[in-house]
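Take a look at the structure set out below.
All residue numbers refer to positions in the sequence shown, counting from 1. Just the heavy atoms: all of them, side chains too, but no hydrogens, waters or symmetry mates, feed the values below.
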Amino acid sequence: AGSWSDQVFLSADDRFDSGDAFLGATTHSGAVATGGSYTASRTVSVPTDRHGAQFLLFFTDRNDAQLERDETNNVLAAPIAIGGPDLIVSSATAPSTATIGQSLALSWTVTNQGDTSTTAGSWSDQVFLSADDRFDSADRFLGATTHSGAVATGGSYTASGAFTIPNVGTGDRFLLFLADRDNYQGETNEGNNVFALPLEVLEADLQVSGLSVEPATPLSGNDATVRWTDTNTGTAATTSGWWDYVTVVNTTTGQTLLAT
């Protein structure tokens, strides 16, 4: 053949398949005599989503332009260890209890425990409210912050914000802090980006009791005194004022006689 293409791939194993990442190619032109050889070189860029133990696959005559006695021995695999950043939420601060509708001041620290600096220009850290300490699609999104700039190996940054607790009912919950939620930054380990803190969600619960009317049988057009007691039977104190309303309904006709 007058020419053919030698190609380089990055693979998780030493065998070529369709899942390998193409890195680049060179074209060889001219005959190669029996026992002869040639040397090729190429500068390639390592994908940001490949880390750890990998293989470089050097594939001569990738497209079979040159007919050969044996087409199965055209791949040489060379092991390579690819380093990279690894973002984790190393710590977070939050109160241990909160009420529904309360705005919480939260902060967290993200550390790069990998062996290279980050390369993404920015990414999003996000906070969720969860029934357990594992992130899944059922968790409630509370908010996000954006980090911009590189984080060196061993470096860190601290983010903070105010986040409102939605009406998810009372009980034990978890605040989940996710570094680089959308995986803008390739990492050696994408499975360690979540940090969980327990949070007990509380709620006030007002109940009316002790209703009395004086006189017990008021006459139409006359004054009557109505008394009642509001009791908070919930697990949290009230956080604002409110109005109590009195409604008088004719139990025979259903007509509302007074609403105040």
Side-chain angles (χ1 to χ4, degrees), residues 1-90 110-126 134-137 147-156 176 178-195:
S3 64
W4 58 82
S5 174
D6 293 342
Q7 300 183 15
V8 183
F9 294 83
L10 188 64
S11 174
D13 54 42
D14 59 358
R15 298 175 299 279
F16 176 75
D17 57 47
S18 59
D20 298 334
F22 173 74
L23 300 186
T26 63
T27 299
H28 173 78
S29 300
V32 180
T34 300
S37 65
Y38 65 90
T39 299
S41 63
R42 175 69 188 263
T43 299
V44 298
S45 297
V46 177
T48 59
D49 61 346
R50 300 291 184 106
H51 302 96
Q54 300 282 314
F55 287 85
L56 287 170
L57 303 184
F58 299 88
F59 202 146
T60 188
D61 188 20
R62 166 69 179 88
N63 300 315
D64 295 332
Q66 172 63 57
L67 296 177
E68 302 178 57
R69 180 181 61 191
D70 185 354
E71 296 283 5
T72 65
N73 60 357
N74 287 20
V75 178
L76 175 69
I80 183 174
I82 300 177
D86 183 18
L87 298 174
I88 63 167
V89 179
S90 51
V110 176
T111 299
N112 178 9
Q113 66 175 13
D115 49 21
T116 66
S117 176
T118 60
T119 56
S122 64
W123 58 81
S124 173
D125 295 341
Q126 301 183 14
R134 297 175 301 278
F135 175 70
D136 58 46
S137 60
H147 174 78
S148 299
V151 181
T153 299
S156 64
L176 303 184
L178 277 68
D180 186 24
R181 164 68 179 89
D182 300 312
N183 295 330
Y184 287 157
Q185 173 61 61
E187 302 177 53
T188 56
N189 185 355
E190 296 284 5
N192 61 356
N193 288 20
V194 180
F195 188 91

Can you tell me which residue among Leu178, Thr118, Asp125 is in a side chain to side chain contact (heavy atoms under 4.5 Å, CB included) with Leu87?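 One option only clears the test, and that one is Thr118.
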Sequence neighbours left out, what passes side chain to side chain donor-acceptor pair (under 3.5 Å) with [X]? Give chain and number order.
{"X": "Asn193", "answer": "Glu187"}
{"X": "Ser124", "answer": "Gln126"}
{"X": "Asn192", "answer": "Asp86"}
{"X": "Ser90", "answer": "Thr111"}

Set of residues satisfying salt bridge (Lys or Arg N to Asp or Glu O under 4.0 Å) with respect to Asp14, sequence neighbours excluded
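Asp14 satisfies salt bridge (Lys or Arg N to Asp or Glu O under 4.0 Å) with no residue once adjacent residues are dropped.
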**All salt bridge (Lys or Arg N to Asp or Glu O under 4.0 Å) counterparts of Arg15, not counting sequence neighbours** =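 Arg15 satisfies salt bridge (Lys or Arg N to Asp or Glu O under 4.0 Å) with Asp13 only.
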Where at least one partner belongs to residues 54-88, residue pairs that pass ring pair (Phe, Tyr, Trp, His ring centres under 6.0 Å), sequence neighbours excluded:
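Residue pairs passing ring pair (Phe, Tyr, Trp, His ring centres under 6.0 Å), neighbours aside: Phe16-Phe59.
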| message | Strictly by ring pair (Phe, Tyr, Trp, His ring centres under 6.0 Å), give each pair with a member in residues 24-48 just once, sequence neighbours left out. | response |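 Checked against ring pair (Phe, Tyr, Trp, His ring centres under 6.0 Å) - neighbours excluded - the pairs reaching residues 24-48 are Trp4-His28, His28-Tyr38.
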Within the side chain of [X], is there an N or O that forms a donor-acceptor pair under 3.5 Å with the backbone of [Y]?
{"X": "Asp17", "Y": "Gly19", "answer": "yes"}
{"X": "Asp61", "Y": "Gln66", "answer": "yes"}
{"X": "Asp115", "Y": "Gly83", "answer": "no"}
{"X": "Ser117", "Y": "Thr153", "answer": "no"}

What pairs meet the side-chain hydrogen bond (donor to acceptor under 3.5 Å, both in side chains) rule with one or both residues in residues 70-79, with sequence neighbours excluded?
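Listed by first then second residue: Glu68-Asn74, Asp70-Thr72.
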**Item:** Flag side-chain contact, heavy atom, 4.5 Å: Val110 against Asp180
**Value:**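 Sidechains of Asp180 and Val110: no contact.
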Exercise for the section: Answer whether the closest heavy-atom distance between the side chains of Asn189 and Ile88 falls below 4.5 Å. Expected result: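 Not in contact.
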Verdict with reasoning, Thr116 to Thr188, per side-chain contact (heavy atoms from CB on, under 4.5 Å): CA-CA 10 Å; Thr116 66; Thr188 56; over 6 Å; no
Results of side chain to side chain contact (heavy atoms under 4.5 Å, CB included) for Thr27 - residues two or more places apart only:
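Thr27 satisfies side chain to side chain contact (heavy atoms under 4.5 Å, CB included) with Ser3, Ser29 only.
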